[in-house]
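Okay, so here's the structure we're looking at.
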Amino acid sequence: MSPFHRRLPDVDPRMNHREARALFLALADDELPAPQAQAVRTHLDGCDECRHGWEGYARTVQRVRGVQKEKAPPALASLVMTRVRRQRRFGLKGLHMAHMNHRFPVEILIPLLLAAAVAAFLVMAAP
């Protein structure tokens, strides 16, 4: 897209593949302004590769929209919100503290590596 076209949003320049694919979501949701939607559709009319990609994308969107929506149980929603609030309150320190129980202590790792190195040395030095 030339700098001239960037300044004039009403001008309908030819789109490349990347620009057209970036607008698939907005096109599927009918959120594009009419000139941009027309530009994407014009590109799809002339580009088999993007048209094939759009058809697959549109089929997927239709399938997802057809899935019955389920509501989370109130207990689950309450649990999630409690954890979110706790995360906000403690920030990164709270995240570090939560992972402390699941880490392998470095204090144990250093003597084990030292013992393995000594054992390897003794095995190699033995006649």
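Across Ala20 and Val40, no two heavy atoms sit closer than the pair O-CG1, 4.5 Å. What you find for Leu23 and Gln36 is that their closest heavy atoms are CD1-NE2, 4.3 Å. For the pair Leu76 and Ala72, the tightest heavy-atom approach, listed with the atom from each and the gap, is CD2-CB, 4.2 Å.
Of the possible donor and acceptor atoms, one in the side chain of Glu19 sits under 3.5 Å from a partner among the backbone N and O of Asn16.
For the pair Tyr57/Leu27, no side-chain contact is recorded, criterion being any heavy-atom separation below 4.5 Å from C-beta on.
Taken to the nearest 0.5 Å, the CD atom of Glu55 stands 6.5 Å off from the CZ atom of Arg59.
Note on ring orientation: taking the six-membered ring where Trp is involved, the planes of His17 and His43 are perpendicular (angle over 60°, cut-offs 30° and 60°).
For Arg18, the CZ atom counts as loosely surrounded, since its 6.0 Å shell holds 12 or fewer non-hydrogen atoms of other residues, nucleotides or ligands.
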